[in-house]
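Here the structure comes first, spelled out in structure tokens, and everything after it is commentary.
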Protein chains: 2
Amino acid sequence: MADLVYRNIMKDLKNRIQANEFESKKLPDERSLSESYGVSRSSIKRALNVLANQGIIFKKRGSGTFINPLYQKNQTIFQYEGSNLGVTDSFKSDGQTPQIKLLDFKVIPASEELQTELFLNPGEFVYEIKRLRSFDDSPFMIELGYIPIRVAPELNKERVEGSIFNYFEDATGTSVTKSFMTITADPSTKEDQELLGLKPVEPVGVMEGIFFLDDGTPFEVSNMRIHYKYLNYNTFVNLDEDK
Amino acid sequence: MADLVYRNIMKDLKNRIQANEFESKKLPDERSLSESYGVSRSSIKRALNVLANQGIIFKKRGSGTFINPLYQKNQTIFQYEGSNLGVTDSFKSDGQTPQIKLLDFKVIPASEELQTELFLNPGEFVYEIKRLRSFDDSPFMIELGYIPIRVAPELNKERVEGSIFNYFEDATGTSVTKSFMTITADPSTKEDQELLGLKPVEPVGVMEGIFFLDDGTPFEVSNMRIHYKYLNYNTFVNLDEDK
DNA sequence: AAGTGGTCTAGACCACTAC
DNA sequence: TAGTGGTCTAGACCACTTA
């Protein structure tokens with residue numbers, strides 16, 4: 001995994017960009033890079049494409065490859081690299097202490113809706129996991145998740161009080177890399193107000209999503225109600241389609 | 001543009017998937033496709049990668065290429081294809097009539113923040129465009145946009161009452177294909193309540209974004225305050241990084 | 001005309017899965 | 001062991017930009 005040619009070059013170029021090595025904001029042309037790295041031009045293209053998809057560089061046919069000026073200026077909005085699977089990860093970097101309080105944990109039969117979303121057969125069971133997430137003792141998110149027992153039979157109360165994704169990745173070697181997310185806003189309910197410390201006039205952001213494993217297996221359906229001050233979802237959209 | 005090999009194959013495969021031609025949910029292997037389409041395997045891979053990025057198929061090394069079961073089941077959440085540059089486009093399909101009311105339109109010097117975000121020199125001017133967007137006479141979004149006069153010198157009051165992106169694409173041939181979006185939620189202000197018909201307790205969703213042209217030129221900074229019932233932002237996230 | 005990125009090919013070899 | 005997707009190469013030719 002770590003020995004992929006294009007990936008190493010991608011990382012190296014990213015470091016060189018961050019180190020401000022290319023003051024002209026222009027990268028060497030692909031044929032030069034091919035020669036200096038001692039790899040084929042295809043591999044260079046592939047590395048550059050990954051960087052372009054992350055919004056770090058952009059390519060202009062006939063002119064060259066340039067560094068996105070916003071990348072160095074405003075690195076906070078370019079957090080694609082780490083993860084934007086959910087808010088969870090976006091807050092890890094703050095140096096604050098993340099906490100998880102388990103509100104509810106049980107096994108129930110999958111509703112019809114869950115059967116569809118998680119691709120389950122009638123009669124299959126799911127964990128229902130309700131958690132309150134905080135940073136430095138201030139709660140920011142109520143998370144209601146459903147995970148089929150079939151895909152994660154080893155879950156228990158203790159494991160659910162930490163990162164389920166991390167536990168699952170450690171235990172099985174497969175990771176959660178794809179998701180559909182829907183983002184909406186909603187007035188806060190009484191429960192939101194109590195758990196998140198909101199005034200009645202203050203809203204929550206709602207993120208609903210289905211998370212998938214590498215191989216396409218649906219892993220979790222999650223509904224997250226988030227203190228409006230903490231919802232901050234960043235995306236980089238590229239409609240070029242080809243990536 | 002329309003004669004690209006991988007693009008044509010991509011479209012053809014998408015049609016065949018939608019026509020339910022592959023009942024086993026499994027596509028032919030890449031080498032067979034290569035032969036039957038009469039192109040190199042690289043081109044097949046490229047076509048398949050685009051489909052995989054759209055979440056339509058997924059590939060499993062050693063096993064084959066499969067159709068994402070959710071694609072056929074729940075096509076509504078897969079609207080990546082059309083556009084998710086903003087809410088604007090997501091609502092076009094509803095068969096409702098979109099309306100734009102121009103609230104304000106002037107030219108002002110770019111603030112420091114705008115200079116940074118739009119990559120302008122001090123002293124440059126931008127259009128400030130404030131619009132209220134409705135469907136069937138019910139307002140759903142207040143849009144405050146800033147566009148450098150340098151990149152769109154031909155804007156006028158009339159053109160701003162329609163789709164600026166469409167006008168610009170028609171006029172110049174370059175289109176807006178990339179964006180950074182930040183999504184948050186916010187209690188509604190008095191103005192929000194008046195313009196969008198909200199109760200004081202009802203919130204707005206806020207989408208802020210920078211839109212870029214193909215070549216990376218920043219085109220617009222936009223701040224959209226959206227009636228919470230109409231904010232519905234869908235994304236497909238793929239952390240595989242390589243695309 | 002020279003330079004640069006884009007598309008496409010033909011084929012070698014590797015890594016993983018299923019039988 | 002056979003089949004499948006992943007990585008990588010070396011090179012041809014095309015399309016666009018700049019001078």
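A, B, ... follow the sequence lines: proteins, then strands. Residue 1 opens every chain.
For S36(A) (side chain) and S32(A) (main-chain N/O), a donor-acceptor pair under 3.5 Å exists by modelled atom type. The closest donor-acceptor contact from the side chain of K26(B) to the backbone of S63(B) lies under 3.5 Å.
When each of dC8(D), dT17(D), dG11(D) is scored by its nearest atom to the side-chain atoms of S40(A), the top-ranked nucleotide is dC8(D).
For K59(A), a side-chain nitrogen or oxygen approaches OP1 or OP2 of dG6(C) to under 4.0 Å. Remark: S63(A) is in phosphate contact with dT18(D), judged by side-chain N or O atoms under 4.0 Å from OP1 or OP2. Within the structure, a side-chain polar atom (N or O) of S43(B) is placed less than 4.0 Å from OP1 or OP2 of dT9(C). For K45(A) and dG6(C), the shortest distance from a side-chain N or O to OP1 or OP2 is below 4.0 Å. Between T65(B) and dG5(D) there is a side-chain N or O to OP1 or OP2 distance below 4.0 Å. Between Y6(A) and dC8(D), a side-chain N or O to OP1/OP2 separation shorter than 4.0 Å is absent. In this model, the phosphate group of dG5(C) is not approached by any side-chain N or O of K60(A) to a distance below 4.0 Å at OP1 or OP2.
As a whole-Å value, the separation of D29(B) CG from dA2(D) P is 16 Å. Spacing between atom CZ of R46(A) and atom P of dG6(C) amounts to 15 Å, rounded to whole angstrom units. Distance E30(A) CD to dT7(C) P: 11 Å, rounded to the nearest Å. Between E35(A) atom CD and dT4(C) atom C1' the separation is 16 Å, expressed in whole Å. The separation between F58(A) atom CZ and dT4(C) atom C1' is 15 Å, rounded to whole Å. Here dC8(D) presents its C1' atom at 13 Å from CG of N8(A), a figure rounded to the nearest Å. Computed from coordinates, the N49(B) CG to dC8(D) P distance equals 14 Å when rounded to whole Å. Put simply, NZ on K26(A) is 13 Å from P on dT17(D), counting in whole angstrom units.
Each of S42(A) and L48(B) was assigned the nucleotide of DNA chain D with the nearest heavy atom; the assignment lying further toward the 5' end belongs to L48(B). Of the two residues near DNA chain C, V5(B) and S32(A), the one whose nearest nucleotide lies more 5' is S32(A).
In this structure, the ring of Y127(A) has its center no less than 6.0 angstrom from the ring center of Y146(A).
By the side chain to side chain donor-acceptor pair (under 3.5 Å) test, R150(B) is found to be paired with E124(B), residues two or more places apart in sequence or in another chain being considered. Evaluation of the side-chain contact (heavy atoms from CB on, under 4.5 Å) rule for S43(A) yields V5(A), V39(A), S40(A) as partners, not counting sequence neighbours.
Atom CZ of R131(A) sits about 7.5 Å away from atom CE of M141(A), to the nearest 0.5 Å.
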For this session: Could you check E143(A) against K130(A) for salt bridge (Lys or Arg N to Asp or Glu O under 4.0 Å), going step by step and ending with a plain yes or no?
Result: CA-CA 6 Å; E143(A) 188 189 14; K130(A) 189 171 188 176; over 6 Å; no
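Looking at E30(A) and K45(A), a side-chain N of the basic residue comes within less than 4.0 Å of a carboxylate O on the acidic one, giving a salt bridge.
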Below 3.5 Å is the cut-off: list the nitrogen or oxygen pairs between protein and nucleotides 12-15 of chain C, distance only.
unit_1  : atom_1 : unit_2 : atom_2 : d
dA15(C) : O4'    : R61(B) : NH1    : 2.9

